[in-house]
Structures are given as C-alpha cells and as structure tokens.
Amino acid sequence: MSELKNETNQTGAMSSKIIDQKLLSQKNLYDMEGNYSDEEYRQFAELLTKDFTDYKEGEIVKGTIVEVQGDRVIIDIGFKAEGSVPVSEFDDPSQIAPGQQVEVLLEKVEGTAEGEIVLSKKLADFQRIWEKVVNAYDKQEIIQAKILKRIKGGLVAEIFGMESFLPGSQIDIKPIRDFDAFIGKTLDVKIVKLNHAQKNVVVSHKVLIEEEIKDQREAILNSLEKGQVLQGTVKAITDFGVFVDLGGVDGLIHITDLSWGRINHPSEVVKLDEVINCVVLDFDQEKKRISLGIKQLQEHPWKNIDQKYAINQRVTGKVVSLTEYGAFVEIEKGIEGLIHISEMSWTEHIKHPSQKVSLGQVVEAVILSIDKEEKKISLGLKQLEPDPWGELLKKYPEGSRHTGIVRNLTNFGVFVELEPGVDGLIHISDLSWTKKIRHPAEIVKKGDKIEVVVLNIDVEQRKISLGHKQLEENPWDRFEREYKVGTEVTGKIIRHVDKGLLVELPLKVDGFVPANQLSPTPIKNIKQAFPEGEELTLKVIEFDKENKKITLSAIEALRDKEQKLVEDYLAKHKLEKVTIGDLFKEKEQQKAKAQKSKQDKEKSEPKKSEE
C-alpha cells in the first residue's frame, strides 16, 4: 500500500484527474478484506483510471477484433472494457477474423448499463472519407465520380464511397438533353462546394471542360471581326433568340436577326443541335458577349423592290398582324404591306380590320404606293372591285327622294342607311324648318324609317348629304307675311332657354321671348313665374328670315291694354307692381338709350376714317 501511495504522490494532484466512478463504488468487491481506507482506495481507483484518460469521445481509435457474437463484432481498443459494432458495418463480413485490426470511432466511453463502450466502424469510415473529400477540395484535385441516379436538377455521383450532387448545369458546357444517358458512367470531376455541417458535396465536370478549352476560347475571341462568318451549333432556344456554341464561346442571335420576315418564335427558323452559319454583328471583348445574325447572310429583300413590284400590281400575301387602323400583309419574307382600314371597302364603315380579314388568312390586294426609303407599302382591298360611287351619282342624284333607316344618332345629326353599305348624313339643321332641335333624338330614334332628300354627293370624300326638312317647301316666306313686326299672337311656352323662353306659335314655328320682354324688373325664378305649357299674348318685335328667328315681347303686347290687364299679368306671374306709364316709360328710356348709342357710333366712324 505504501508503494501505491508513493506512485500516487509521483503523479501529482490526482484530484483533478478523471476517476472511474463505477470502480470507486465497488470497493467492497475489490477490497473484501478491508486492507485499504476509503482515501487509499480512491487513490487506487484514480491511478487505475489514469491509463484511460487519453481516450476521447468522437475520436478514431485502432482496435482488435476479439470475436464475432451473433450479429455483432467484439472489439478491444485497449480500454478497461470492450465494445462492439454491427456486422453490417463491415463491407465483407466473410473477411472478419479475430486478431484483425480495424479503425472505429469512440462514440461513448460508458454507453451501456454493463459499462460497455459505444463504437462505430461506419462513422470512422465516413470520417476518413470526409477527410479525403476535404483534402481533394483544398488541393482542387481531379477525382472520379460514378453516376448513380438522376434526381431533380441533376445527378447523384459517388466519390470516395459517398454520394455527391452533380448539377445539370455543371455536367457540360452544352445543355444536356438526356440525363439518363450518364447513369452508370464514370466522369472526371472537381469538388466545387462543401457543406461541413450537413456533409454535402457538389461536384462539377464542366469546370474541367472549360479549363481544357480556355485557350481555344481566347483564340476565338482574339480573332473575332465584325462581318466574320462562323460556323456554330445551336445550343439553346429562348423566346428572345438563339444561343450558338462557336467552339467554347457562346454567341446570341436575337430573334430579329434570324429572318428578314416576321417570326413568332426562333424555333420556326432553327433547331436544337443544328449546325448553322452565322455572321458576327458585334462583340464585347471584356464581357465576352457576341452578337450574331443569320438574315445578314442573305440579300436585303428591299434592295430590288422596284424591280419586283409596281403600283396597281395585284399581290397575294398572308395577314401577319391586325391593329386598330389596319392589317399587315406579308408579301414575301421581309416585305410587308399595310391595308389601311379605309382601303378595305368602298361603301362599308369598317371599325376594325377583323370585319374583313383574319390573322393567318391569305388575301389578294392591290399595291397603292411604295416608299423604298421608309420601307413601306400601302395596299388596298377595295381596289380589287370597281368603285361603286360613280354608280351612286346616277342612283342618288341631287334632289331625289328616298326612304332610309336610321342607323346612328350623334350630337350633330342622323346617319341614314340608303342601302347596305351606303349611308348618308342628315345634319341637325336639316331636320326641321321650324323647330329648335337640341338633339336628333327629339325627332327620330334608331331603326326608324325616314324620308330624305339627297342634297349633295361628294365622291372624293365618300360622303352623302341628306335633308329631311327639304321634303317640304320653306315655310319662312309665309311666316314673313304672318309674323310681321307688331303682329299680336298667342304663344305656348315649350322650353326655358338661356335668357328667356321658347314658345310655339300657331303655324308650328318656334319663337323666342327674351326675359327683359317678360318683365321690366329682374325675374327671380323664371321657371316658376312662367311654367311650361302656359299660353302668353305676345307681339312680334323682330323677324329675321335669313337666320330663321322670330323675337316676341309680352310687355309690348300690353302697351294698349287697360291697367287692370297689366295688373292681372303682373299678379299672375308674381312680378313687381308697376303702372302702364312706368312700364313703358322704362321701355322708352331703354329704346332712347339704344338709339343714342347707335348714333354715337355712326358719328365716330367718319372720324376714324379721316384719321
């Protein structure tokens, strides 16, 4: 025991050492005779534990196979207790033999109730593999990868016995069409990305190809010239163009540089993996961007346009576009003409070209004009048929009467269909001789039949002017006799207008009564004072045959009337009370003032001319 104490003293302060607690608790088992005190046994246990403090959980240690017990392999790593691993963790169970050395990972020092340590050959093997992976990544070594299977976005490749991810974009510099063709093959790769936490690995075969063709790419870029014709392979097709592999360098053919004609998608011109010739349009040495073209290899279709087409020539083409104002027709690749909406029919009012043609339809048209500089051709559909307007002059001479159908109403008049495709306009002023019409809807409505008179046909402008009031003689000759100035008449209020009233007179003609001819003083509410439908006794104070205007006055109609009639008029319309003398005194003053103003104006005119 004294020797034990000496060895203990030589080890230094053992209180800081790890002590096997199981050994410490079993003193009665190891010291049955009681030869040691508790302190001495503790020091003994501590000394016994010393040999095992170098073992750390998570470390790889070497062990020796002791035996195989069922599905487990017993392994001695030189620890106080043995450990075991499943037989399944060995690549070839038939090669397992006692005495054989293996590497295992020490997971736990005391992992079981029996005091067994927990070992793992699988984790030890993976750790060694991961060390190889990290080493290959750090040194950027070229390693071999066996393609196992296809997954979303790429392939699963085996390296050093573990799985890695080979993205589809990292397989080759060219787009891959068939991923399954790589399954089972072995590729040279480099590790391009590691995730230490999740133990994920990303590899690339593309980087090796790029390294190989680096010199080739530089040679191509250094030899590029605008206008140079190169051969390449169609690598990818997008909505906006085509990517072409020129031998390690990609170039783009924009959709507009694929054909002189209009195309909807690049696939109409080229196919994937097709070998094509293209011309260099532009390139950026620094950004390594190359613009290519195919159509530039062909002569511009407009170069000899005047030798191929002439005005009034009939041509056939396909409708390639419809707009609000017309239809574009492709006569040949790169040459399109516009059929304006006004050139689609001699007689119909076309609101949209789809009324006459449809997209993709093959149509015949006549060339109306060619602008070589602007590269524009005007086409016509209606010119395929004779102009019917010459016949319309014979069919609808001026002054002839016809019956038509109201097709449309506007603020300025009525459109009347004389026959299918032939319309004429009745201006609002030609609807009535006598009525003050604010809108044609007061007289007619859509679908009505209406009699008209042809007033004028403008062949050049394709317009027919019609009249409705002209069906009757101008009544204003009679009105001139019936409504002389000073004539007293009865008028029915039909509408309140600006600064007065509109009244209907006996011969169905409208007259105007100014507000100052209804009362010598301002009227607060003319609609209330003079409601529609009321009849008034009026006197004509102005007749304008040329402008078809009759002006009347209620005050002048009271001039020779008794005071009681004046009072009744004022009371009925709730106007301020005045006498007959006062009523006309103010009128005379207004009249004299207007006369004086007229005379002053006449006197000033000669002076201005003298000056």
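Along the sequence shown, residues are numbered consecutively beginning with 1.
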Do [X] and [Y] touch side chain to side chain, with heavy atoms closer than 4.5 Å?
{"X": "Val497", "Y": "Phe512", "answer": "yes"}
{"X": "Arg495", "Y": "Leu501", "answer": "no"}
{"X": "Asn304", "Y": "Glu299", "answer": "yes"}
{"X": "Leu252", "Y": "Val242", "answer": "no"}
{"X": "Val422", "Y": "Leu392", "answer": "yes"}
{"X": "Phe479", "Y": "Leu507", "answer": "yes"}
{"X": "Val416", "Y": "Ile426", "answer": "yes"}
{"X": "Leu368", "Y": "Leu379", "answer": "no"}

- Message: Within 45 degrees of the ring normal and closer than 6.0 Å to the centroid, is that where the cationic atom of Lys333 sits relative to Trp260?
- Response: no
- Please say whether the positively charged group of Lys545, taken as NZ for Lys or CZ for Arg, lies over the ring of Trp476, i.e. under 6.0 angstrom from the six-membered ring centre and within 45 degrees of the axis. no
Donor-acceptor contact below 3.5 Å, side chain [X] vs main chain [Y]:
{"X": "Asp448", "Y": "Lys445", "result": "yes"}
{"X": "Asp510", "Y": "Lys436", "result": "yes"}
{"X": "Lys295", "Y": "Thr256", "result": "yes"}
{"X": "Asn547", "Y": "Lys549", "result": "no"}
{"X": "Glu348", "Y": "Ser345", "result": "no"}
{"X": "Gln228", "Y": "Glu225", "result": "yes"}
{"X": "Lys372", "Y": "Lys303", "result": "yes"}
{"X": "Arg314", "Y": "Ile367", "result": "no"}
{"X": "Trp433", "Y": "Lys469", "result": "yes"}
{"X": "Trp302", "Y": "Gly334", "result": "yes"}

- State the CG-CD1 distance between Leu281 and Ile290, to the nearest 0.5 angstrom. 11.0 Å
- Message: How long is the straight-line distance from CD1 of Ile464 back to OH of Tyr396, given to the nearest 0.5 Å?
- Response: 7.0 Å
- Query: Is the closest basic N to carboxylate O distance between Arg407 and Asp423 below 4.0 Å?
  - Reply: no
- Message: If the threshold is 4.0 Å, N to carboxylate O, is there a salt bridge linking Glu419 and Lys395?
- Response: yes
Distance only, no hydrogens: is a donor on one side chain within 3.5 Å (strictly under) of an acceptor on the other, for [X] and [Y]?
{"X": "Tyr309", "Y": "Glu332", "answer": "yes"}
{"X": "Glu556", "Y": "Gln517", "answer": "no"}
{"X": "Asp172", "Y": "His205", "answer": "no"}

- Task: Could you give me the CA-CA distance, side-chain angles and deciding distance for Lys375 and Glu336, then say whether salt bridge (Lys or Arg N to Asp or Glu O under 4.0 Å) is met?
- Result: CA-CA 9 Å; Lys375 296 181 175 58; Glu336 295 180 6; over 6 Å; no
- Item | side chain to side chain donor-acceptor pair (under 3.5 Å) evaluation trace for His265 with Asp239 | CA-CA 6 Å; His265 195 272; Asp239 291 337; 3.1 Å; yes
- Task: Apply the test ring-ring contact (aromatic ring centres under 6.0 Å, His included) to residues Phe240 and His254: give CA-CA distance (whole Å), side-chain angles for both, the deciding distance (0.1 Å), then the verdict.
- Result: CA-CA 6 Å; Phe240 58 83; His254 194 269; 7.1 Å; no
- Task: Would you please test Arg177 and Asp273 for salt bridge (Lys or Arg N to Asp or Glu O under 4.0 Å) and show each step?
- Result: CA-CA 10 Å; Arg177 318 275 182 238; Asp273 299 322; 3.2 Å; yes
- Identify the heavy atoms of Ser204 and Gln170 that sit nearest to each other, and give their distance. OG-OE1, 2.6 Å
Check: residues 526-536 side-chain donor-acceptor pairs under 3.5 Å, at least two apart:
| residue | atom | partner | partner atom | Å |
| --- | --- | --- | --- | --- |
| Gln528 | OE1 | Asn525 | ND2 | 3.4 |
| Glu534 | OE2 | Lys572 | NZ | 3.4 |
| Glu534 | OE2 | His573 | NE2 | 2.6 |

